Q: 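Structure below; questions to follow.
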Amino acid sequence: MGFSNIMDSNSYSGGPSTDPDTEKLIEARTHLLGPAYRLFYERPVHLVRGSGSHLFDADGARYLDAYNNVVSVGHCHPHVVAAITRQAETLNTHTRYLHEGIVEYSQRLLATFPAELDQVMYCCTGSEANDLALRVAQRYTGARGVIVTRDAYHGNTEAVTAISPSLGGATSIGPHVRAVPAPDSYRSGVDVAARFLADVEAAIADLKAAGLRLSCLIVDTFFSSDGIYPDPSVLAPAVAAVRAAGGVFVADEVQPGFGRTGETMWGFTRHGVVPDLVTMGKPMANGLPVAAMAARSEVLEVFAREVPYFNTFGGNPVSMAAAGAVLDVIEDEELMANAARVGTALRDELTRMAADDPRIGDVRGAGLYVGVEMVTDRESAGPDRAAAHDLVNAMRDRKVLISVCGAQGSVLKVRPPLVFSLSDVDWFCTEFADALRELR
């Protein structure tokens, strides 16, 4: 099996877990599901229950979830569970019948976007949403060339695998794709926006030299898989160059969207740009499969007129009820403000720890999305994959769940549910400090 940076930097690779029951479950899973599926951590976690930002394993032990943005408003939030239950008891069907739920939710969702983004289409996963966005962009521009970042992840359909370099292994980016370096604010310095613009312009020129016109630039607006780069200065110049070349800009908001940055509802807003297409997924319905693509109507019109697109489960009444409940919770519990307040406290404490530990090269992020870059030493800023891997597993043993990202798997990825509290920050930082001391 080939190595995939995004899949294998923190995956279980076999070996005794010291728990016979866990061993049996792993063996049965492998036998029934096949080898493609991965598990997290050197010692996989067997979870049976969740509440808020906490999870519980089969032995009743409590874990702090500092990783999961799927259940963005907290595990098993009672308002979301109640909305799903009410609708499931009443009606669930596809979108070829009239139903108020999809109209009401669409109005609420689009109200969170700039006025230029005035239509929305539904599907089930972020992969499907990005696949759809590629098709829409190609129809609108009449072109096929795509620019992505070098360690991007945009999903796992055939089309989006071809624009997801971080998958690695036997996959490869398509001949119509050009990958540019992410705007590494840690190593590139103050010229990060100019450098990113130059890289995008070079990719446009390279596509043209190969006889390919530009269809779109698609980026995760937090550059999550590349290593978490929150600098909001980098996108506007590059988007202007893309549009000048006839392309459109697709903002992949699956990870940074729905208030995670604490500053804005959507990551692209921090950059001062309005995309042509926006894709969203994971946190949209707190774990129920639902995703969407918002669009400028003039960009969507050609595709909508010519392609008979239909998604059986996209926008079904139960999914719309769950998604509406998520918006309720974000608004009613002021979770954007919570992300800003608690995220600042978390970064401040991690930055304080970094001042005393040369293995931490950088602490960066916004809201409840934090990257902690582990390095061999500060002078060379050499990425330290082994240290990041060891810390993730040391934290798991302390019942705190995080992961890694970045080209070298050296960036600790801290991305908890938006209900993360100041007491959770204390728990996290206490265990992180202990893990650092143990691995010194």
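Side chains included, hydrogens not; waters and symmetry mates left out as well; all remaining heavy atoms used. In this text, all values refer to a predicted model and were calculated from it rather than measured experimentally.
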Q: Quick one: do the N130 and T279 side chains pair a donor with an acceptor below 3.5 Å?
A: yes
Q: Walk me through it: do T161 and N156 pass the test side chain to side chain donor-acceptor pair (under 3.5 Å)?
A: CA-CA 5 Å; T161 292; N156 55 27; over 6 Å; no
Q: Is the shortest side-chain heavy-atom distance between L25 and H46 below 4.5 Å?
A: yes
Q: Heavy atoms only: give me the nearest I402-A66 pair and the separation to one decimal.
A: CG2-CB, 3.8 Å
Q: Please name the pair of heavy atoms, one in C76 and one in G50, separated by the smallest distance, quoted to 0.1 Å.
A: SG-O, 3.5 Å
Q: What heavy-atom pair brings D226 and A152 nearest, and what distance separates the two atoms?
A: OD1-N, 3.8 Å
Q: Looking only at side-chain N and O atoms, does S225 offer a donor or acceptor that is under 3.5 Å from a partner on D151?
A: no
Q: What I'd like to find out is whether the side chain of V318 reaches to under 4.5 Å of the side chain of L288, using heavy atoms alone.
A: yes
Q: Taking NZ, NE, NH1 and NH2 as the nitrogens, is one of them in E27 or K24 under 4.0 Å from a carboxylate oxygen of the other?
A: no
Q: In this structure, which one of L235, V239, D231 forms a side chain to side chain contact (heavy atoms under 4.5 Å, CB included) with H271?
A: L235
Q: Do D252 and H154 have side-chain N/O donor and acceptor atoms under 3.5 Å apart?
A: yes
Q: On the 0 to 90° scale, with breaks at 30° and 60°, tag the F268-F113 ring pair as parallel, tilted or perpendicular.
A: parallel
Q: Can you tell if the side chain of E373 reaches within under 4.5 Å of the side chain of R364, non-hydrogen atoms only?
A: yes
Q: Using side-chain hydrogen bond (donor to acceptor under 3.5 Å, both in side chains) as the criterion, list what pairs up with T261, not counting sequence neighbours.
A: none
Q: Could you check whether K399 pairs with E431 (Lys NZ or Arg NE/NH1/NH2 to Asp/Glu carboxylate O, under 4.0 Å)?
A: no
Q: Could you tell me if S410 and D384 have a donor-acceptor pair between their side chains, going purely by distance under 3.5 Å?
A: no
Q: Between Y229 and F222, does a ring pair (Phe, Tyr, Trp, His ring centres under 6.0 Å) hold up when you go through it step by step?
A: CA-CA 6 Å; Y229 299 112; F222 223 65; 9.5 Å; no
Q: What's the spacing between L436 CG and C429 SG if we round to 0.5 Å?
A: 10.0 Å
Q: Do R213 and L207 have side chains that get closer than 4.5 Å, going by heavy atoms?
A: no
Q: T264 side chain to W266 main-chain N or O, any donor-acceptor pair under 3.5 Å?
A: yes
Q: Taking atom types as modelled and ignoring hydrogens, do the side chains of N393 and R396 form a donor-acceptor contact shorter than 3.5 angstrom?
A: no
Q: Between S106 and Y122, does any side-chain donor sit less than 3.5 Å from a side-chain acceptor?
A: yes
Q: Minimum heavy-atom separation for E438 and A394, please, with both atom names.
A: OE2-CB, 4.3 Å
Q: Taking only Lys NZ, Arg NE, NH1 and NH2, and the carboxylate oxygens of Asp or Glu, determine whether R359 and D377 approach each other closer than 4.0 Å.
A: no
Q: R398 side chain to T430 main-chain N or O, any donor-acceptor pair under 3.5 Å?
A: no
Q: What I want to check is whether the side chains of Q255 and R260 have a donor and an acceptor closer together than 3.5 Å.
A: no
Q: Pairing donors with acceptors under 3.5 angstrom, does anything connect the side chains of Y140 and S215?
A: no
Q: Between R139 and E301, is the closest basic N to carboxylate O distance under 4.0 Å?
A: no
Q: Would you say that H54 contacts H75 through its side chain, given a criterion of any heavy-atom pair below 4.5 Å between the two side chains?
A: no
Q: Do L350 and F428 have side chains that approach each other closer than 4.5 Å (heavy atoms only, starting at C-beta)?
A: yes
Q: So which atom in V250 and which in A133 form the shortest heavy-atom distance, rounded to 0.1 Å?
A: CG1-CB, 3.9 Å
Q: Taking side-chain hydrogen bond (donor to acceptor under 3.5 Å, both in side chains) as the test, write out the residues that go with T221, two or more places apart.
A: E253
Q: If we count only N and O atoms by modelled type, under 3.5 Å, do the side chains of H77 and E333 hold a donor and an acceptor together?
A: yes
Q: Verify the ring-centre separation between Y67 and F40: is it less than 6.0 angstrom?
A: yes
Q: Is it the case that S72 and N69 place a side-chain donor and acceptor less than 3.5 Å from each other?
A: no
Q: Can you see whether T351 engages D348 through a side-chain donor-acceptor pair at a distance of less than 3.5 angstrom?
A: no
Q: Determine yes or no for a side-chain-to-main-chain donor-acceptor pair under 3.5 angstrom, with R341 supplying the side chain and A339 the backbone.
A: no
Q: Side chain of R347, backbone of L368: donor and acceptor closer than 3.5 Å?
A: no
Q: Taking side chain as C-beta onward, heavy atoms only, is C216 less than 4.5 Å from I147?
A: no
Q: L197 and P237: which non-hydrogen atoms are nearest, and at how many Å?
A: CD1-O, 3.4 Å
Q: Is any side-chain heavy atom of F223 closer than 4.5 Å to a side-chain heavy atom of P183?
A: yes
Q: Between S297 and D118, is any side-chain donor less than 3.5 angstrom from a side-chain acceptor?
A: yes
Q: Do any N or O atoms from the side chain of R178 and from the backbone of G145 form a donor-acceptor pair under 3.5 angstrom?
A: no
